[in-house]
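Any value given below was found using the heavy atoms of this structure, including those in side chains, with hydrogens, waters and symmetry copies removed. We name chains A, B, ... by the order of the sequence lines, and we start the count at 1 in each one.
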Number of protein chains: 2
Amino acid sequence: MFQHRSIKHCRACGGATVYAVPADDNRDRATCTVCQLVHYENPLNVVGTVPVWGDQVLLCRRNIEPRHGFWTLPAGFMELGETTEQGAARETDEEAGARFEMQGLLSVLSVVRVGQVHLYFRARLLDTEFAPGPETIEARLFREDEIPWDELAFRTVRDTLKYFFDDRRKGQFSVHCADIA
Amino acid sequence: MFQHRSIKHCRACGGATVYAVPADDNRDRATCTVCQLVHYENPLNVVGTVPVWGDQVLLCRRNIEPRHGFWTLPAGFMELGETTEQGAARETDEEAGARFEMQGLLSVLSVVRVGQVHLYFRARLLDTEFAPGPETIEARLFREDEIPWDELAFRTVRDTLKYFFDDRRKGQFSVHCADIA
């Protein structure tokens, strides 16, 4: 997870940095006291899926911190060299070992407190054989009335599941852009 | 703009880093040879708006590199401490000095080549008084048949404008998630 003001040394020369507002800027940035390089710190994207099988969705029980033992949708940090959709597919493969085809974007959630944006896509499962990776204790399907709402790992997961089931009832999926306080 | 493999020194201790795959990972990461800190490099978000006045949209002529002198929609890097929508509004204020109210999300475009995701929102202009900041040579309104398609700064701007005018013709706006090669 992102740590604010964690840059103590310059990535180019190793010199000590200070947080100060550069001349043509309006925010504190870690600036090298030796070579003057300015270091920017920006929000990160978390990308994932709502894997769907009939009227069920796939959740994974986390084998890692934070929120070890809680249920989540497959998701993780977007990497360089991939699109949002490719990242979401990669995480679904790594965490659930599922076979699926990607469908539309469902949610874009800003989580300001931790400097993240979470993007979830719907994915249609092609079978019910799952091979979860080391980050997952267990992967299983849940109907809406079986979702362990009080044991979900993150609010972005809860809100995304609510969007999914609400849209499904309406018979029309749309993209939900919102903020998580 | 993001520079791949630009981390030569550890941000915590200033020690030299090497790019190597950490034990529980599958990608090269800059890892400190002294304190072992792993440095992650991830895509950045660019957030902006399509500011609308009747059948016209507001474009800004860039006073900065890259693409100095070309036309763009107001947009820039998302900062910590803001939502995607707040960042888009801030950039619109900074670059165009416009008064507006934010409307829905319009495009989510992965630009893998430069490690970015661009998110554009529609914004309704409240008047036609603009006070462009130092990054803008000129801000003016264009009808669809006046858009300088060959003098647009970026393909994300071109595609977002096309989505906007196409949706407007249909009388229904939606969110367009796509990749820019």
Side-chain angles (χ1 to χ4, degrees), chain A residues 2-17 24 26-27 30 32 34 37 39-47 64 77-87 90 94 104-106 108-117 119 121 134-135 174-180, chain B residues 2-17 24 26-27 30 32 34 37 39-47 64 77-87 90 94 104-106 108-117 119 121 134-135 174-180:
Chain A
F2 178 80
Q3 282 187 282
H4 194 38
R5 290 180 170 264
S6 66
I7 302 177
K8 310 259 185 260
H9 290 271
C10 175
R11 74 161 158 242
C13 78
T17 62
D24 55 350
N26 50 25
R27 282 165 202 255
C32 181
V34 178
L37 182 70
H39 300 69
Y40 297 91
E41 295 159 89
N42 301 86
L44 296 178
N45 290 334
V46 169
V47 288
I64 48 171
F77 287 110
M78 183 181 179
E79 298 276 5
L80 291 170
E82 66 189 11
T83 66
T84 51
E85 185 171 322
Q86 286 164 350
R90 175 182 51 72
E94 287 177 6
L105 183 62
L106 179 66
V108 179
L109 303 171
S110 294
V111 194
V112 172
R113 191 174 41 81
V114 292
Q116 296 176 0
V117 179
L119 299 105
F121 293 79
E135 297 185 3
S174 59
V175 181
H176 302 265
C177 183
D179 312 328
I180 305 283
Chain B
F2 179 82
Q3 282 187 281
H4 194 37
R5 288 179 172 266
S6 66
I7 302 176
K8 310 258 184 262
H9 291 270
C10 175
R11 73 159 160 243
C13 77
T17 62
D24 54 352
N26 50 25
R27 287 167 199 253
C32 181
V34 179
L37 182 70
H39 300 69
Y40 297 91
E41 297 159 88
N42 301 85
L44 296 178
N45 290 334
V46 169
V47 287
I64 49 171
F77 287 110
M78 184 182 179
E79 299 275 6
L80 292 170
E82 66 189 12
T83 67
T84 52
E85 186 172 322
Q86 286 165 351
R90 175 183 51 73
E94 288 176 6
L105 183 62
L106 179 66
V108 179
L109 304 171
S110 295
V111 194
V112 173
R113 191 174 41 82
V114 293
Q116 295 175 1
V117 179
L119 299 104
F121 293 79
E135 297 186 0
S174 59
V175 182
H176 302 265
C177 184
D179 313 328
I180 304 282

Could I get the full list of side-chain hydrogen bond (donor to acceptor under 3.5 Å, both in side chains) partners for E82(A), not counting sequence neighbours? R90(A)

Please look at C10(A) and chain B and tell me whether the side chain, the backbone, both or neither of the residue comes under 4.5 angstrom of a heavy atom of that chain. backbone

The interface call for F121(A) against chain B, heavy-atom contacts under 4.5 Å, is side chain

Only pairs of heavy atoms separated by less than 4.5 Å count here; which of P43(A), S110(A), G14(A) has the most with chain B? P43(A)

Work out which heavy atom in E135(B) is nearest to a heavy atom in I64(B); give both atom names and the distance. OE1-CD1, 3.7 Å

Rounded to the nearest 0.5 Å, what separates atom CZ in R11(B) from atom NE2 in H9(A)? 12.0 Å

So which of S174(B), P134(B), A12(B), G15(B) has the largest heavy-atom pair count under 4.5 angstrom toward chain A? A12(B)

Working to the nearest 0.5 angstrom, can you tell me the gap between T17(A) OG1 and I7(A) CD1? 7.0 Å

Between the CG atom in L44(B) and the CE atom in M78(B), the distance rounded to the nearest 0.5 Å is 11.0 Å

Between E85(B), H39(B), K8(B), Q86(B), which shows the greatest number of heavy-atom pairs under 4.5 Å with chain A? K8(B)

Check each atom of L119(A) against the heavy atoms of chain B and say whether the ones under 4.5 Å are side chain, backbone, both or neither. side chain

Which atoms of N26(A) are under 4.5 Å from chain B, going by heavy atoms: the side chain, the backbone, both sets, or neither? side chain

Polar contact flag, side-chain donor to acceptor under 3.5 angstrom, N45(A)-N45(B): yes

Okay, V108(A) and chain B: the region with an atom under 4.5 Å from a heavy atom over there is side chain

Which bit of R113(A) comes within less than 4.5 Å of chain B, counting heavy atoms only: side chain, backbone, both or neither? neither

Quick one: which of L109(A), V117(A), V112(A) gives a side-chain contact (heavy atoms from CB on, under 4.5 Å) with T84(B)? V117(A)

